[in-house]
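Keep in mind the model is a prediction, meaning the values are calculated, not measured.
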Amino acid sequence: PGPCSSKGLGQKTKTCLKSEPGGACYNTSEPPTGAGDCTYSYQKVGEVSINELEGLHDPTTFKIMGGYEYNKYTDKGVHMSFWDGKEDVAACQKRIDTLAALFK
């Protein structure tokens, strides 16, 4: 997890950030050690916007037409299906595959 994972957004104090630094290793030339401040490493290889990932070309029109990316009560969106089935294994895999394809 990231820094101060025990707190929500806007609740991360300096003390918490220091005591819970997160698992990202700062020295990415070495493999993760497994210590609390080095459980994973990463390299930036590019970026994908959330709109690109969802296939959303015109967010303004989407909202005007009543579009909604996801509703936690119905477990689906309105005029969008990308996030439907938030905890469905097959749907999650499809989202992962969609993201991976954008990097090929």
Side-chain angles (χ1 to χ4, degrees):
C4 195
S5 61
S6 67
K7 305 289 183 188
L9 293 175
Q11 299 175 331
K12 299 179 182 200
T13 64
K14 288 181 182 180
T15 303
C16 182
L17 291 169
K18 186 172 182 169
S19 66
E20 298 178 33
C25 303
Y26 287 104
N27 182 359
T28 58
S29 63
E30 298 292 325
T33 64
D37 63 350
C38 188
T39 58
Y40 68 92
S41 64
Y42 64 92
Q43 294 178 331
K44 187 173 180 177
V45 295
E47 61 186 38
V48 174
S49 74
I50 193 74
N51 289 346
E52 184 179 5
L53 180 63
E54 296 172 336
L56 185 57
H57 303 290
D58 184 353
T60 302
T61 301
F62 174 72
K63 288 300 283 181
I64 290 170
M65 299 300 292
Y68 203 80
E69 290 168 296
Y70 181 77
N71 180 313
K72 67 181 180 180
Y73 300 109
T74 62
D75 193 32
K76 62 183 181 176
V78 175
H79 305 307
M80 175 180 288
S81 60
F82 185 83
W83 300 108
D84 292 6
K86 179 179 172 184
E87 296 184 24
D88 179 88
V89 173
C92 288
Q93 186 62 54
K94 184 176 177 184
R95 289 187 282 271
I96 292 168
D97 294 344
T98 299
L99 177 61
L102 291 170
F103 279 100
K104 292 183 181 179

Show which side-chain atoms of residues 96-104 pair as donor or acceptor with protein atoms under 3.5 Å away, not counting sequence neighbours.
| residue | atom | partner | partner atom | Å |
| --- | --- | --- | --- | --- |
| D97 | OD1 | Q93 | NE2 | 2.8 |
| T98 | OG1 | K94 | O | 2.9 |

Heavy-atom count check: over 12 atoms from other residues, nucleotides or ligands less than 6.0 Å from Y68 OH?
no
Co-members of I64 in a cluster of I, L, V, M, F, W and Y side chains, linked at under 4.5 Å
none
Please list, chain by chain and in numerical order, all residues satisfying side chain to side chain donor-acceptor pair (under 3.5 Å) with T60, sequence neighbours excluded.
none
So, using side chain to side chain donor-acceptor pair (under 3.5 Å) as the criterion, who are the partners of D58 when residues are at least two apart?
T61
For residues 24-47, pull every pair meeting salt bridge (charged side-chain N to carboxylate O under 4.0 Å, His left out), keeping only residues two or more places apart or in separate chains.
K44-E47
Got a sec, which pairs hit side-chain hydrogen bond (donor to acceptor under 3.5 Å, both in side chains) with one end in residues 73-83, sequence neighbours left out?
E54-W83, Y70-D75
Could you list the donor-acceptor pairs under 3.5 angstrom formed by side chains in residues 1-15, with sequence neighbours left out?
| residue | atom | partner | partner atom | Å |
| --- | --- | --- | --- | --- |
| S6 | OG | E20 | OE1 | 3.2 |
| S6 | OG | E20 | OE2 | 2.8 |
| Q11 | OE1 | G8 | N | 3.0 |
| K12 | NZ | P3 | O | 3.1 |
| T13 | OG1 | C16 | N | 3.1 |

CG on L56 to NZ on K63, rounded to 0.5 Å:
10.0 Å
Who pairs with C92 by disulfide (SG to SG under 2.5 Å), at least two apart in sequence or on another chain?
none
Evaluate the criterion side-chain contact (heavy atoms from CB on, under 4.5 Å) for residue pair F82 and R95; output intermediate values, then yes/no.
CA-CA 7 Å; F82 185 83; R95 289 187 282 271; 3.5 Å; yes
What pairs meet the disulfide (SG to SG under 2.5 Å) rule with one or both residues in residues 27-77, with sequence neighbours excluded?
C25-C38
How would you list, by chain and number, every residue that makes a side chain to side chain contact (heavy atoms under 4.5 Å, CB included) with Y26, sequence neighbours excluded?
none
